[in-house]
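Take a look at the structure set out below.
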Protein chains: 2
Amino acid sequence: MTLPERTVERLSEYRRSLLQCLEEGKTHIFSHELADLHHNTAVQVRRDIMFIGYTSMQRKGYDLRELVDVIGDILDSERGLNVAVIGIGNLGKAVTTYFVGKRSKLNIIATFDVDTTKIDRVISGVKCYPLSRLKEVVEAQQISIAILTVPADSAAEVTAQLVEADIKGLMNFTTVPLNVPPEIYLDEFDMITSLEKVAYFVKSPQN
Amino acid sequence: MTLPERTVERLSEYRRSLLQCLEEGKTHIFSHELADLHHNTAVQVRRDIMFIGYTSMQRKGYDLRELVDVIGDILDSERGLNVAVIGIGNLGKAVTTYFVGKRSKLNIIATFDVDTTKIDRVISGVKCYPLSRLKEVVEAQQISIAILTVPADSAAEVTAQLVEADIKGLMNFTTVPLNVPPEIYLDEFDMITSLEKVAYFVKSPQN
DNA sequence: AAAATATTGTTAATTAAATCACAGATTCAA
DNA sequence: TTGAATCTGTGATTTAATTAACAATATTTT
Ligand SMILES: NC(=O)c1ccc[n+]([C@@H]2O[C@H](COP(=O)([O-])OP(=O)(O)OC[C@H]3O[C@@H](n4cnc5c(N)ncnc54)[C@H](O)[C@@H]3O)[C@@H](O)[C@H]2O)c1
Ligand SMILES: NC(=O)c1ccc[n+]([C@@H]2O[C@H](COP(=O)([O-])OP(=O)(O)OC[C@H]3O[C@@H](n4cnc5c(N)ncnc54)[C@H](O)[C@@H]3O)[C@@H](O)[C@H]2O)c1
């Protein structure tokens with residue numbers, strides 16, 4: 001059984017808050033507390049947790065450590081997944097720098113570019129390969145996820161190469177919608193849309 | 001009447017494709033063509049367009065120019081909205097550089113930081129102010145939207161200042177969920193969640 | 001100019017997501 | 001040790017979003 005997309009997102013968000021609470025020395029949390037940390041209701045939290053089959057200590061709230069582990073069992077791959085960043089410009093660099101070392105189960109282990117001045121450079125310990133070696137490196141290093149940060153006008157072409165290289169999941173930062181076969185999971189991570197949405201709701205408030 | 005959030009997002013996406021088609025010299029587009037460009041069905045496209053009250057030339061498809069204008073009437077504010085980027089590190093810099101000059105109705109006109117070495121520096125023509133002048137500058141320059149790219153551990157505090165400065169909309173790039181009063185529109189633009197979602201669906205494919 | 005075709009706009013049906021409502025479990029207070 | 005209070009887990013219900021179905025209309029073909 002696969003979970004609803006929104007539930008997966010919320011679980012990822014919950015986990016971060018839970019880890020934060022653990023660091024602060026807490027051991028348990030109530031559904032309404034977790035709800036308050038997110039923009040969410042206690043029922044929704046309980047429903048999400050029900051989905052993953054975890055049950056709490058009655059009346060004590062959820063055990064933070066246990067819940068974090070259960071979410072990990074759901075979200076993470078046991079051996080972790082390897083990730084590559086394609087196009088190491090302003091955004092690609094920021095993303096790489098930021099992510100390296102953050103999530104133990106998602107490792108950025110390679111970057112790719114066509115700019116010869118960037119090739120072989122190392123950013124936060126991650127080496128930049130020429131795009132021409134994409135397929136070879138993806139295979140050798142078992143990379144399953146690509147983060148696409150190339151210019152919009154090469155996005156389609158590079159995506160074709162990623163498909164060819166047998167990538168399994170793709171997070172698209174560019175502003176053009178991509179086309180991939182259905183077995184590849186694609187997330188359109190679109191800043192312009194999000195900003196325009198904010199602008200719309202600023203202009204036309206809900207209530 | 002305000003539109004459903006998802007419809008607003010799709011309209012923003014459609015517009016970009018429509019502008020692209022215009023540049024390529026096309027004048028009309030069918031609902032199924034627009035659907036194919038996005039990950040979407042023709043019915044959904046027609047429904048979205050119905051929402052905004054535009055009707056096509058029967059059988060000729062939608063007039064690109066007209067449709068772009070109608071979407072503009074819905075999404076854009078007549079005089080445009082002013083935007084500030086808060087925290088001009090790796091990500092803030094990338095975002096600022098990228099957005100400046102892109103959308104005519106959304107203008108990044110100021111950035112803010114606490115790092116004295118960054119203050120007064122100009123990035124892509126946009127000046128960096130000390131955060132202490134936030135309220136003053138927001139008011140003077142009529143800034144209504146903030147893009148938050150400060151470190152996670154100062155996010156809450158800076159957000160309080162943004163609320164105090166009477167910002168109307170907020171796009172949060174940090175990894176902590178924020179709390180703002182309900183009249184402020186908040187978009188949690190969360191890369192970690194998106195990447196973890198990709199990882200989950202790579203691990204557990206849908207079909 | 002009749003028939004076949006293609007496309008929209010919209011009502012109705014379906015599906016998915018969120019919320020309500022409440023029984024059961026546990027704790028606390030007296 | 002009874003009763004009130006608190007919190008979870010979940011069936012039932014509601015709401016929201018998507019999809020199906022099709023009449024209406026314009027265009028093309030014969
Ligand atoms: N910077 C942002 O905040 C931002 C916001 C929204 C969208 N985007 C999108 O993200 C993408 C990257 O933005 P950026 O600001 O980092 O641009 P950039 O120009 O700084 O970086 C692009 C990088 O891609 C490399 N590149 C070019 N063609 C390539 C190819 N075929 N294969 C591999 N690498 C290639 C370039 O050498 C460069 O290093 C763009 O598509 C942009 O639309 C960026
Ligand atoms: N870089 C990424 O790709 C990425 C990805 C996901 C999330 N994020 C989040 O975005 C935020 C920024 O990331 P980054 O990589 O650009 O970090 P960064 O350290 O490069 O930049 C942070 C900037 O904020 C400034 N700053 C610090 N405190 C401030 C304050 N109180 N007010 C104003 N400015 C302040 C710093 O001087 C610095 O210029 C972080 O919260 C991070 O969690 C970044």
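- Atom pair His32(A):NE2 and dA5(D):C1' shows a separation of 13 Å (rounding to whole Å applied).
- At dT18(D), one or more side-chain N or O atoms of Arg10(B) fall inside 4.0 Å of OP1 or OP2 (strictly under the cut-off).
- Under a 3.5 Å cut-off, the side chain of Lys127(A) and the backbone N or O of Gly125(A) do not form any donor-acceptor pair.
- Distance CG (Leu3(B)) to P (dA17(D)): 11 Å, rounded to an integer number of Å.
- The side chain to side chain donor-acceptor pair (under 3.5 Å) with Glu196(A) is formed by just one residue from the set Arg16(B), Lys105(B), Arg103(B); it is Arg103(B).
- Between Gln44(B) atom CD and dT8(C) atom P there is a gap of 14 Å when expressed in whole angstrom units.
- Distance Asn40(A) CG to dA17(C) C1': 12 Å, rounded to the nearest Å.
- Between Val43(A) and Met50(B), the one whose closest nucleotide on DNA chain C sits nearer the 5' end is Met50(B).
- A donor atom on one side chain and an acceptor atom on the other are not found under 3.5 Å apart for Tyr98(B) and Asn90(A).
- Rounded to an integer number of Å, the gap from Phe51(B) CZ to dT8(C) P is 18 Å.
- A donor-acceptor distance shorter than 3.5 angstrom exists from the side chain of Thr149(A) to the backbone of Gly87(A), with no hydrogens or angles considered.
- To the nearest 0.5 angstrom, Thr159(B) atom OG1 is 5.0 Å from Leu148(B) atom CG.
- At the phosphate of dG9(C), OP1 or OP2 sits under 4.0 Å from a side-chain N or O atom of Ser56(B).
- When rounded to the nearest whole Å, the span between CZ of Phe30(B) and C1' of dT27(D) equals 10 Å.
- Note on Lys60(B): every side-chain N or O is 4.0 Å or more away from OP1 and OP2 of dA26(D).
- dG9(D) atom C1' lies 11 Å from atom CD1 of Ile49(A), rounded to whole Å.
- Summarising the geometry, the separation between CG on Leu34(A) and C1' on dC7(D) is reported as 14 Å, rounded to the nearest angstrom.
- If you check distances only, the side chain of Arg47(B) never reaches the base of dT10(C) with a donor-acceptor pair under 3.5 Å.
- Note on Ser31(B): a side-chain N or O is less than 4.0 Å away from OP1 or OP2 of dT8(C).
- Residue Thr7(A) is the one, among Thr7(A) and Arg46(A), whose nearest nucleotide of DNA chain C lies closer to the 5' end (criterion: closest heavy atom).
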